[in-house]
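Here is the naming used below: chain letters follow the sequence lines, and residue numbers restart at 1 for every chain. The analysis underlying the following values was restricted to heavy atoms, covering all of them including side chains, and did not include hydrogens, waters or symmetry mates.
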2 protein chains.
Amino acid sequence: MSNSKYMEIYEYIKKNIKNENYLPGEKIPSENQLKDFFSVSRNTVRKAIELLASDGYLSSIQGKGVFVMKKIPVTFLLSGNQSFKESSAKNRLRYSTSVPVLEAVVVDEKLSEITHFPVGELVYHLVRVREINGEKIILDENYFLKDILKGLTPEIACDSIYEFLEEKKGVKINGAQKIISVEKATELDKEYLDLNKDNVVVIVKNFAYLENGLLFEYTESHHRSDKFVFTSYAKREK
Amino acid sequence: MSNSKYMEIYEYIKKNIKNENYLPGEKIPSENQLKDFFSVSRNTVRKAIELLASDGYLSSIQGKGVFVMKKIPVTFLLSGNQSFKESSAKNRLRYSTSVPVLEAVVVDEKLSEITHFPVGELVYHLVRVREINGEKIILDENYFLKDILKGLTPEIACDSIYEFLEEKKGVKINGAQKIISVEKATELDKEYLDLNKDNVVVIVKNFAYLENGLLFEYTESHHRSDKFVFTSYAKREK
DNA sequence: GCTAATTTGTTCGTATGTATA
DNA sequence: TTATACATACGAACAAATTAG
C-alpha cells in the first residue's frame, strides 16, 4: 500500500485514531517512543505526524505532546476535492449521470472572463445532470482543456472524468480553488433540475490546476439548495 | 517578524510570488540554489517550500522543480478561518456589530445535540448581528465554553472575540470544522436581518477546537444568501 | 536511445533550543 | 532543577524522476 516508512507510520496512527485506540483529546505516544517502536529516525516519525496534523487529525504542542483532535461526524460528506462519484459511493446513494451536452468550443472573450482560460484555447464543454435517488439534484457545466482530455467519450463523461484523467492518462492534479455562492436559478437550471418551489441554487465554481500550475478545468456546479452540503476543516493561520 | 530561518525563506518566496517576480506556471530557483543563497541546509529550504505548498502557492514535481501555482483573485474574500473583523478589514467595508443577546447558560440535552458540548457544561450564549455598509447581513449565534472566555464584556463581543482569546488570553486555536448548507429563514432571521424577498439563508456551522483538541466554540452563522461568498483551496488527496 | 547531470523525495544521525511537567 | 517532549537546524547519503547533451 504505502512504499515509504513515513506513510506506514501515518497509516498506523490514523488507524489507531479510527479504532479509538488513540482517543480524542488524549496524547499519542511521544515521538521518541514511536521512533523506537518503528526503528526509524525521529524525522520520519515527525513527517507522519505533520501530515496528520495538516489533515486535522493531530495537533502538536511543544513540551506537552501530540494530541488527537476531535471531529464531529458528518453523515453527508461532500467535501474537499472529491468528485461526484466518489462521494456518492461513500454515502451509498443511487446515482446516475446524463450528459445532454458534449462539444468542443473555442474560448472567446466572454467565456474567457468566466473560465479564466486564455482566449483562443480549445476546450471541451460538457453539461452533466446528476441524479440522486431518482431526483435531478446537480447541474454541472464543465470546461476542460481539450488536449488534456483527448479521447473523452460520453461514456467516460457519465462515469468519472477525474478517474479517467488520473488513472488512464496519468495526469497529476494539485488541487482546486472553490467559490461558493447562492444565486437565482437560471432557465437552464429550471430545465434540467427537479427544483421544488425553490428559486435559488447553490453555485460552486471550481478552478482546478495541474501539478505545474496549469488551469485545466473550470466547472460551475448548480446544486438544488435543499440538498447542498459542504464541509471543510480549516486550520487557523498563525 | 519571523524568528526561524525557514520562516524567513517562506516569507522571501511568498514575497517574490506576490511581486510577480516568480510567475505562475514557472519554476522557482532549485532547492540547492536557495540553500546556497541563504547559507542554510537543504532541509530548511524544503520546510519553507512544503509550507507554501500546503498553502497552495507552490507545487513540487520530482525531477522537474518547484512550480508557482496560479490563483484566481476573489474580490470578496470571506474564507477559511477568518473572523468577521479580519475579512471586513481586508475588503475595506464599513461594518458594525450589535449584540442583542449575551447570557450564560447550562447545556441541556437539546442544546448538546446541536453544539456537541457535553450536557451540564457552562457556556456563553451570544447573538450577534453583523451590519455591512448599513445592511444587516449576518446573524451569528455563538456558544463559547465559559471558563475559556472568562471576562467577556459586550464591548469585546462587539469587537473581536478571537482577538481577545488569542492576544489577551493566549488561547491557542487549532482550527475549525465548517458545514455549509442552505435553509429556510427562521423567525429570528426575519427579526434581525434585512432580508429581501429572500426566504432562505446560508447557514455556516462552525465547530472550533483548541490545540489540545477541546471543542470550545459552536457558532451558527446565518448569512443573507445574496451576500454570501465562501472560498477555499482544496488540495487533491493522493 | 543512452548517459550524465540536475532536481526533488526519503531517510538517517546528531546537536541544540524551547516549552512543559 | 531536572527530565521529558516537541521545534529547529545541519550535513550526508541514496533513490527516483526528469532533462540535457
Practice problem: Mind checking side chain to side chain contact (heavy atoms under 4.5 Å, CB included) for B/L51 and listing every partner two or more places apart, or none if nothing turns up? | Solution: B/Y6, B/M7, B/Y10, B/S54
Exercise. Kindly write out the residues that satisfy side chain to side chain contact (heavy atoms under 4.5 Å, CB included) with B/D108, not counting sequence neighbours, or none if the list is empty.
Key: B/K110, B/L111
Quiz item: Want to settle it: does B/K172 or A/Y6 sit nearer the 5' end of DNA chain C, counting the closest nucleotide to each?
Solution: A/Y6
Practice problem: Could you list by number each residue of residues 13-21 of chain A showing a heavy-atom separation from DNA chain C of less than 4.0 Å, or answer none if no residue does? | Solution: none
Practice problem: Could you identify which residues of residues 44-55 of chain B place a heavy atom less than 4.0 Å from some atom of DNA chain C, listed by residue number, or say none? | Solution: B/R46
Exercise. Apply side chain to side chain donor-acceptor pair (under 3.5 Å) to B/E109 and list each qualifying residue two or more places apart in sequence or on a separate chain.
Key: none
Practice problem: Among residues two or more places apart or on two chains, list those pairs meeting side-chain hydrogen bond (donor to acceptor under 3.5 Å, both in side chains) that have a residue in residues 57-69 of chain A. | Solution: A/S59-B/N174
Practice problem: Return each pair, listed once, that meets side-chain hydrogen bond (donor to acceptor under 3.5 Å, both in side chains) where at least one residue sits in residues 24-34 of chain B; pairs must be two or more places apart or across chains. | Solution: B/S30-B/Q33, B/E31-B/R42, B/E31-B/R46
Practice problem: Return the orientation label for the B/F216 and B/Y162 ring planes: parallel under 30°, perpendicular over 60°, tilted otherwise. | Solution: tilted
Self-check item: B/D140-B/T219 side chain donor-acceptor pair, cut-off 3.5 Å
Solution: no
Quiz prompt | Span of DNA chain C, from the first to the last nucleotide whose atoms fall under 4.0 Å of chain A heavy atoms | solution = C/dT10 to C/dA21
Self-check item: Contact nearer the 5' end of DNA chain D, comparing B/N43 with A/I61
Solution: A/I61
Quiz prompt | salt bridge (charged side-chain N to carboxylate O under 4.0 Å, His left out) against B/R128, all qualifying residues, sequence neighbours excluded | solution = none
Quiz prompt | Contact interval (first through last nucleotide) of DNA chain D with protein chain B, 4.0 Å heavy-atom | solution = D/dT8 to D/dT19
Quiz item: Near DNA chain D, under 4.0 Å by heavy atom, which residues of residues 27-34 of chain A?
Solution: A/S30, A/E31
Quiz item: Would A/K146 and A/E121 pass as an ion pair if we require N to O under 4.0 Å?
Solution: no
Exercise. Using the test ring pair (Phe, Tyr, Trp, His ring centres under 6.0 Å), find all partners of A/F67 that sit at least two apart in sequence or belong to another chain.
Key: none
